[in-house]
Number of protein chains: 2
Amino acid sequence: MAADAIEPLGITTAEEEAYRHIQRALRMGRYRAGDRLIPEEIATEIGMSRMPVREAFRQLAAEGLVLIRPNRGCIVAGLTLDEIYETFEIRSVLEGLAVRLAMPHIDVEVLEELERQLDRMERASQTGSSDWVVRHQAFHLQICQLSNRPKLVRQIASLHVVIEPYLRIWFDYVDKPASARAEHEILIDVLRSGDAGKAEIVMRDHIVETAPLLANFASPGRR
Amino acid sequence: MAADAIEPLGITTAEEEAYRHIQRALRMGRYRAGDRLIPEEIATEIGMSRMPVREAFRQLAAEGLVLIRPNRGCIVAGLTLDEIYETFEIRSVLEGLAVRLAMPHIDVEVLEELERQLDRMERASQTGSSDWVVRHQAFHLQICQLSNRPKLVRQIASLHVVIEPYLRIWFDYVDKPASARAEHEILIDVLRSGDAGKAEIVMRDHIVETAPLLANFASPGRR
DNA sequence: AACTGGATAAGTGGATACACAGATACGCTC
DNA sequence: GAGCGTATCTGTGTATCCACTTATCCAGTT
């Protein structure tokens with residue numbers, strides 16, 4: 001649900017399968033940053049030729065998940081510490097914008113649904129490390145989608161995918177942060193207040209404050 | 001200079017040529033939105049096979065410049081009126097962020113260089129419609145680059161390319177807006193003031209105020 | 001006369017084959 | 001013994017070929 005917000009722009013059956021396959025592997029942290037992705041390997045794994053895999057690489061490169069160096073193959077793109085911060089800075093203004101634009105579409109039902117999302121997020125944090133990450137993204141994207149800005153939502157979702165492996169690692173280490181629920185309740189509170197400008201600021205702060213937490217657990221592999 | 005900030009991520013000689021060729025054509029407004037891009041046509045035009053052209057299409061699709069529908073070819077992506085507004089909204093917060101982060105790196109030399117950029121922009125507006133657009137982008141990107149945030153700059157540059165055809169059309173119609181210089185002087189003024197928060201707001205306003213102007217001249221072709 | 005169905009043609013997506021570039025290892029020379 | 005050059009091998013990038021989907025046109029039927 002969360003990640004399906006990212007549609008692989010122009011993609012056909014075989015290529016789409018390759019794309020989804022690799023993206024899932026990447027998001028699950030199966031590869032480490034700097035690992036080489038060998039087209040033939042992946043191609044035989046899914047049962048197709050190198051061709052669609054290459055096209056999938058292009059798609060992933062555009063999203064910043066892999067790096068393609070001419071004649072030197074495709075490697076998993078890791079984020080440096082600076083890049084993690086940068087990604088959170090970008091996320092903060094984009095999601096800030098989204099929540100500001102979402103405000104007119106906030107009503108009681110929406111707030112209740114968001115509360116339920118938080119419940120699911122909390123329950124997911126018990127079952128598995130990666131379940132929480134998925135629910136957490138779903139919560140954020142749910143708010144963003146209320147802005148009714150497809151391109152904005154797509155960009156935000158794309159950023160979520162990029163930082164997902166780092167979120168996952170962080171969560172594995174700290175073993176369910178107790179503050180997570182409270183942090184996100186604040187977001188619902190400000191949505192309830194109806195103040196769009198304030199909501200933007202709260203969302204921004206919420207996001208940039210997360211970055212330093214992650215930073216300590218950064219780099220699943222060097223660059 | 002301005003657009004070279006967008007590097008075609010992982011691309012080799014032949015494919016890179018195809019990519020640059022098509023992107024230039026697109027930015028110059030050679031095609032209208034909805035036009036089909038026929039791989040063979042372009043391939044023979046540059047003197048290569050369809051293959052690198054296909055990969056170039058993928059790259060362009062990832063940037064949102066073209067649309068690839070499975071088994072139905074590649075068409076030039078136009079922006080609806082809503083999408084133009086949305087793009088400017090996204091630009092406003094991203095460039096707002098950029099200018100805020102750029103503030104610590106502003107000094108006298110930088111301000112002088114920006115003034116020179118404005119001069120060039122004004123001169124370019126006399127020589128040709130498209131020259132002004134290029135200079136205008138260069139001015140904005142120059143400021144953004146001072147933020148020292150590569151990913152942020154790349155995203156902003158990508159948005160500039162998307163709206164370039166619309167800017168060009170608008171400029172052709174109004175024949176050099178007299179207010180353009182003054183509008184951008186304000187940006188330099190606020191940079192000179194040293195107030196990062198204020199600069200962010202001014203930049204945001206500057207950008208979102210541009211959108212309605214463009215809207216009247218929107219859609220070089222329907223969607 | 002208009003609409004629907006089928007057939008044909010055009011064009012896209014995928015696979016295989018080939019050529020070239022880069023990396024590594026081994027040998028030769030200093 | 002060490003460093004550089006060369007040769008081989010691995011693997012990417014491009015082209016050609018084939019199969020399949022889609023679109024268009026014509027004919028037949030209502």
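We name chains A, B, ... by the order of the sequence lines, and we start the count at 1 in each one.
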### Message
Can you tell whether the side chains of A/E40 and A/R54 come within less than 4.0 Å, N to carboxylate O?
### Response
no
### Query
Tell me: CE of B/M51 to P of C/dA19, nearest whole Å?
16 Å
### Message
Can you measure A/R72 atom CZ to C/dT24 atom C1' for me and round it to whole angstrom units?
### Response
13 Å
### Rounded distance in Å - CD (B/E15) to P (D/dT14)
6 Å
### Atom-pair distance (CZ on A/F57; C1' on D/dT12), nearest Å
11 Å
### Query
Quick one: B/I75 CD1 to D/dT22 P, roughly how many Å, whole number?
15 Å
### Check: A/I90 and A/L159 side chains under 4.5 Å, non-hydrogen atoms
yes
### Message
Using whole Å, what does the distance between atom P of nucleotide C/dG13 and atom CD of A/E55 come to?
### Response
8 Å
### Query
Is the closest side-chain donor-acceptor distance between A/H184 and A/H136 under 3.5 Å?
yes
#### Entry: Presence of salt bridge, A/E200 and B/R204, under 4.0 angstrom
yes
### Task
Give the C-alpha distance, both sets of side-chain angles, the deciding distance and a yes or no for salt bridge (Lys or Arg N to Asp or Glu O under 4.0 Å) between B/E55 and B/R58.
CA-CA 5 Å; B/E55 312 257 23; B/R58 281 295 170 343; over 6 Å; no
### Query
Between B/E83 and A/R154, does at least one N-O distance fall below 4.0 Å, as a salt bridge requires?
no
### Task
Answer yes or no: side-chain N or O of A/R50 and base N or O of D/dG13 forming a donor-acceptor pair under 3.5 Å.
yes
#### Entry: Flag for A/R120-A/Q117: side-chain donor and acceptor within less than 3.5 Å
yes
### Query
Do any of residues 36-46 of chain B sit with a heavy atom less than 4.0 Å from DNA chain C, and if so which?
B/R36, B/P39
## Note on the structure
Per atom distances to the B/M48 side chain, the nearest of C/dA15, D/dA15, D/dG13 is D/dA15
### Note, B/M203 side chain near B/R100 side chain (heavy atom, < 4.5 Å)
no
### Proximal nucleotide (of D/dA15, C/dA15, D/dG13) relative to the A/P52 side chain
C/dA15
#### Entry: Pair B/R149 + A/E86: basic N to acidic O under 4.0 Å
no
### Task
Report the distance from atom CZ of B/R54 to atom P of C/dG13, rounded to the nearest whole Å.
6 Å
Under 3.5 Å, which protein N or O atoms sit close to an N or O of nucleotides 7-9 of chain D? Give each pair with its distance.
none

### Query
Which of the following nucleotides, D/dT14, C/dT12, D/dG13, is nearest to the side chain of A/N71?
D/dG13
